[in-house]
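Below is one structure, written out as structure tokens; the observations come after it.
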Protein chains: 2
Amino acid sequence: MSMKGEGNRQCIIKAADELFYRCGYNQTSFQDISDATGIPRGNFYYYFKTKDDILDAVVQARCNDFIEILAQFDASTTDPRERLLLLADMLRANEQNVLESGCPVGSLSAELAKDSADLQDKSRRVFGILRSWATEQFSALGLTQEADELAMDLLARMQGIIVMACAFKDAGFLQRSLTELKDWIRQVVGTMSQAG
Amino acid sequence: MSMKGEGNRQCIIKAADELFYRCGYNQTSFQDISDATGIPRGNFYYYFKTKDDILDAVVQARCNDFIEILAQFDASTTDPRERLLLLADMLRANEQNVLESGCPVGSLSAELAKDSADLQDKSRRVFGILRSWATEQFSALGLTQEADELAMDLLARMQGIIVMACAFKDAGFLQRSLTELKDWIRQVVGTMSQAG
DNA sequence: GTAATAGTGGTACGATTGTTTTACATTCTA
DNA sequence: TAGAATGTAAAACAATCGTACCACTATTAC
């Protein structure tokens, strides 16, 4: 597949990514993607074997996006504590989207949990990237023993905040919870790294 | 609508409730409900005007279920702290379901956030019942000022735990997080009620 | 310039969706 | 027991779903 075709492929992935986030995977039809891209829906099978294949590509794209974002966090400061705070701050940067549609990672995983186990396995990869990155940060702070558990705790807190903020469309709760979350990060890192 | 018809109506609601939880609202078809109940799918329109109407009835049923459950909590102990711990313990009682399909309240709300705002409004009512009940418990502990915020925090923590446990199918994380959650409840209630 | 490849536009498929309708059976009421 | 109300079974509705296919035009390689 050459330049021209690859461009269309990326166009499909980009449109599908947005639609999967806004409408859900199952609720997004080929017609929707066709309308968004201008590419006839019959042509999708030139680029992808099946709808699941588009999901694969979208998941891969999201993985790459996060890898890049996390690399920027890594580049912007050497302090793992600051890096974790940057991750938390994504809640503020994406406030509007979060209130409207929840977390692209969490909501996709939750949706696919109700489809085949096979599909959820794929979506889990995005969470895996965040989890291992956060684990690295906690480890770098001397919390090697409990690093993975802390990473899971951090992600769980973020997911919970998003679910409730989205359910009640409550920007105030989102802001307040973000503050508390950042306090928690500072506290966990501060106290436990002294103890460890 | 008399006895016979009402029985079928409840049968449809019960089957739809289970299917909405296991497969999601959008992914559950009339055919699925028909297969589960033995009632021809054309007949649903004798009991409900539309699919959304079935959702309404399911949400109402879930509300009633929770009202009953919370009433049992209220009856089993007069200590609001104990009551809150009972709520948290629902994560353990429903461990298997949670790992497989997430939270019936949270996952429905998250799914409907991607459909019309109208549908999500309906699903929010179930969260509202939990929220106001938890608020009452915190208030009864003398935390009137921050009761609603604490209720939201509690629900957010539970939702986050569920999302991550379900995403990674991790029973260990669920158990560990439940312990930490109960510690948090005891701590918040303990320290702040002394301070207040 | 010709042949092979890459990509496009559009049609059509069988299946399934939520919904409507129709004909029939049952149950209740007078 | 007649007739109205209530409930049941099944067929058919138009629309849409994911998928497949085909005739066609660009592009590229020799």
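Chain identifiers are assigned alphabetically (A, B, ...) following the order of the sequence lines, protein sequences preceding nucleic acid strands; residue numbering begins at 1 within each chain.
Separating the CZ atom of R9(B) from the C1' atom of dT8(D) is a distance of 17 Å, rounded to the nearest angstrom. Rounded to whole angstrom, the span from the CD atom of E6(B) across to the C1' atom of dT8(D) amounts to 17 Å. In this structure, CD of Q27(A) is placed 12 Å from C1' of dT16(D), rounded to the nearest angstrom. Distance N26(B) CG to dG18(C) C1': 12 Å, rounded to the nearest Å. Distance D115(A) CG to dG18(D) C1': 14 Å, rounded to the nearest Å. Atom OH of Y47(B) and atom P of dT6(D) are 13 Å apart (whole Å). Remark: C1' of dA10(D) and CD of Q31(B) are 12 Å apart, rounded to the nearest angstrom. Protein atom CG of N43(A) is 9 Å distant from nucleotide atom C1' of dG10(C), rounded to whole Å.
Looking at heavy-atom distances under 4.0 Å, T28(A) makes contact with sugar-phosphate atoms alone, never a base.
Relative orientation of the Y25(A) and F20(A) rings is perpendicular, given thresholds of 30° and 60° on the angle between their planes.
Of the candidate nucleotides dG18(C), dA10(D), dT19(D), dG18(C) has the atom nearest to the side chain of F30(B). When distances are taken from the side chain of Y46(B) to each of dC17(D), dG10(C), dG7(D), the shortest belongs to dG7(D).
For dA20(D), the OP1/OP2 oxygens have no side-chain nitrogen or oxygen of Y45(A) closer than 4.0 Å. Between dT19(C) and T50(B), a contact under 4.0 Å exists linking OP1 or OP2 to a side-chain N or O. Distances shown here put a side-chain N or O of N8(A) below 4.0 Å from the OP1 or OP2 atom of dT8(C).
Within the 6.0 Å centre-distance limit, the rings of Y45(B) and F30(B) are counted as a close aromatic pair.
For R41(B) and D35(B), the salt-bridge test fails: no basic side-chain N is under 4.0 Å from an acidic carboxylate O. Taking a cutoff of 4.0 Å between a charged side-chain nitrogen and a carboxylate oxygen, D56(B) and R125(B) do not qualify as a salt bridge. Using a 4.0 Å cut-off between charged side-chain N and carboxylate O, K14(B) and D17(B) make no salt bridge.
When each of S29(A) and G42(A) is assigned the nucleotide of DNA chain D with its nearest heavy atom, S29(A) is the one assigned upstream, toward the 5' end.
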